[in-house]
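Predicted model only: the values in this text are computed from it and were never measured. Atom set for the values below is all heavy atoms of this structure, side chains included, hydrogens, waters and symmetry mates excluded.
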Amino acid sequence: MEESTCCNDSLEFSVAEPKDYDSALDFAIKYYYKDEPMNNSYIGGSSPADDDVEFSVSFLLQGMAVKAVDRHSENRLVGLSIANPIYSGYVDDLLEAAEQAKTQKWRDSLKLLAHLQQSVNVLQRFNVEKCYDIEIVAVHPDYRGRSIGARLFQGQFDQAKQLGYSLVSADCSSFYSAQIAERVGMERIGRLAYSDYRDGNGVQLFQPKEPHLEIQTFAKLLH
């Protein structure tokens, strides 16, 4: 995507670069995982799993992250979105990664992500070979209420096109991120109540409080 600014504010949106990795990692831990329902409602504890964070932020190095900075505050990082690719064999890779996960929390999270993909099967549903899946959307608390989340989504749509994707998806684990996905024109194609997802022993692994009652999957064809 091209760098963009709005005449009414000091924010600048652009593709994150490898030099942004450390600041993005820190930002994701502080302002994404802290509030993300899957993470903070896990029965084994709310601290983010290191292997989860490292995996998710690594896609910044593939050009799949968009950042928002405040130019009037020494280019302070105030918003971040990171995506990852979905491809043929993706579910099998998730399940294999789950078996090799260093932490039980990341293992259980990967199995849930695999379950979601098996349920919606975005590649087959839209007859495409790959999909650009928005995973992280986070905004600094001081800057919320300024449509930064929606603008990060739009920036990711632009970047997906640049990288040759015709389809974007997002598993919105938060009620609020689902609202943003709808606002930017994404179509809801699946939903899973947290109370309906349990492990092999019948235990509900993720138990968030209202209004985060379900994970909603959205998709958007790019034209």
Practice item. Side-chain contact test, heavy atoms from C-beta onward, threshold under 4.5 Å: evaluate it for Ser81 versus Ile136 and give yes or no. Key: no
Exercise for review: Give a yes or no answer on whether the side chain of Asp199 reaches the backbone of Asn201 with a donor-acceptor pair at less than 3.5 Å.
Suggested key: yes
Exercise for review: Check whether any side-chain N or O of Asp35 sits under 3.5 Å from a backbone N or O of Tyr32 as a donor-acceptor pair, and report yes or no.
Suggested key: no
**Study point:** Full working for side chain to side chain contact (heavy atoms under 4.5 Å, CB included) between Val66 and Gln154
**Key:** CA-CA 10 Å; Val66 173; Gln154 294 289 357; over 6 Å; no
**Study point:** Distance (rounded to the nearest 0.5 Å) between Lys111 NZ and Trp106 CH2
**Key:** 13.5 Å
Practice item. Check whether any side-chain heavy atom of Leu192 lies under 4.5 Å from a side-chain heavy atom of Glu214, and answer yes or no. Key: no
**Study point:** Under 3.5 Å: donor-acceptor pair, side chain of Gln62, backbone of Met64
**Key:** no
Review point. Does the side chain of Ser56 pick up a donor-acceptor pair with the side chain of Tyr33 at under 3.5 Å?
Key: yes
Review point. Under 3.5 Å, side chain of Ser73 to main-chain N/O of Asp70, donor-acceptor pair present?
Key: no
Check your understanding: Ring centroid separation for His212 and Phe175, is it under 6.0 angstrom?
Key -> no
Exercise for review: Tell me, yes or no, whether the heavy-atom count around Lys34 atom NZ, taken from other residues, nucleotides or ligands under 6.0 Å, exceeds 12.
Suggested key: no
Exercise for review: Taking the side chain as every heavy atom from C-beta outward, state whether Leu80 and Leu152 have any atom pair closer than 4.5 Å.
Suggested key: no
Point to revise | Heavy-atom pair with the smallest gap, counting every atom of Gly63 and Leu163 | key: O-CD1, 3.7 Å
Exercise for review: Enter the distance from Leu110:CG to Glu96:CD here, rounded to the nearest 0.5 Å.
Suggested key: 11.5 Å
Exercise for review: Take Asp50 and Lys102 through the test salt bridge (charged side-chain N to carboxylate O under 4.0 Å, His left out) and record every step on the way to the result.
Suggested key: CA-CA 9 Å; Asp50 290 341; Lys102 297 176 183 177; over 6 Å; no
Check your understanding: Less than 4.5 Å apart, any side-chain heavy atom of Ile86 and any of Gln117?
Key -> yes
Review point. Linking I/L/V/M/F/W/Y whenever any side-chain heavy atoms sit under 4.5 Å apart, do Tyr90 and Leu95 land together?
Key: no
Study note, to complete from the structure: Smallest heavy-atom separation, Ser166 atom then Val128 atom, equals OG-CG1, 3.7 Å
Study note, to complete from the structure: Pro37 and Ser41 have their tightest heavy-atom pair at O-OG, 2.6 Å
**Study point:** Under 3.5 Å: donor-acceptor pair, side chain of Gln204, backbone of Phe206
**Key:** yes
Review point. Ser174 and Glu36: side chain to side chain donor-acceptor pair (under 3.5 Å), yes or no, with the steps?
Key: CA-CA 7 Å; Ser174 160; Glu36 197 274 316; over 6 Å; no
Point to revise | Rounded distance [0.5 Å steps], SG in Cys131 versus OH in Tyr87 | key: 12.5 Å
Check your understanding: Can you check whether Phe157 reaches Met186 side chain to side chain, under 4.5 Å on heavy atoms?
Key -> yes
Review point. Does Leu116 share a hydrophobic cluster with Leu213, counting links as ILVMFWY side-chain heavy atoms below 4.5 Å and allowing steps through other members?
Key: no
Practice item. Output the distance between atom CD1 (Ile43) and atom CG (Leu205), rounded to the nearest 0.5 Å. Key: 5.0 Å
Exercise for review: Specify the closest pair of heavy atoms between Ser169 and Asp133, including all atoms of both residues, with the distance to one decimal.
Suggested key: OG-OD1, 2.6 Å
Review point. Quick one: is the NZ or CZ of Lys67 closer than 6.0 Å to the six-membered ring centre of Phe13, and within 45° of its axis?
Key: no
Practice item. For side chain to side chain contact (heavy atoms under 4.5 Å, CB included), just list the numbers for Ile82 and Glu135, CA-CA rounded to whole Å, side-chain angles, deciding distance to a tenth of an Å, and then say yes or no. Key: CA-CA 6 Å; Ile82 304 176; Glu135 180 182 354; 5.7 Å; no
Check your understanding: At their closest point, which heavy atom of Ala49 faces which heavy atom of Thr103, and how far apart are they?
Key -> CB-OG1, 3.4 Å
**Study point:** Separation between CZ of Arg191 and CG of Asp196, rounded to the nearest 0.5 Å
**Key:** 11.5 Å
Check your understanding: Does Arg107 come within less than 4.0 Å of Asp52, counting only side-chain N to carboxylate O?
Key -> no
Review point. Do Asn39 and Lys105 have a side chain donor and acceptor closer than 3.5 Å?
Key: yes
Check your understanding: Can you name the closest pair of heavy atoms from Val57 and Ala28 and give their distance?
Key -> CG2-CB, 4.3 Å
Review point. Do Val139 and Tyr31 have side chains that get closer than 4.5 Å, going by heavy atoms?
Key: no
Review point. Do Val91 and Leu123 sit in the same hydrophobic cluster, where Ile, Leu, Val, Met, Phe, Trp and Tyr count as joined when their side-chain heavy atoms come under 4.5 Å apart?
Key: no
Review point. Under a 4.0 Å N-O cut-off, is there an ion pair linking Asp142 with Arg76?
Key: yes
Review point. Tell me, do Glu187 and Phe218 make a side-chain contact under 4.5 Å, heavy atoms counted?
Key: no
Check your understanding: Mind checking whether Ile215 and Tyr176 sit in one hydrophobic cluster, side chains of I, L, V, M, F, W, Y counted as touching below 4.5 Å?
Key -> no
**Study point:** Mutual orientation of the aromatic rings belonging to Tyr165 and Tyr132 [parallel < 30°, tilted 30-60°, perpendicular > 60°]
**Key:** perpendicular
Check your understanding: Any chance the side chains of Glu129 and Ser88 put a donor and an acceptor closer than 3.5 Å?
Key -> no
Study note, to complete from the structure: d(Leu94 CG, Ser109 OG) to nearest 0.5 Å is 11.0 Å
Exercise for review: May I ask you to test the Tyr194-Ser173 pair for a side-chain heavy-atom distance under 4.5 Å?
Suggested key: yes
**Study point:** Distance-only donor-acceptor check, side chains Gln162 and Asp158, under 3.5 Å
**Key:** no
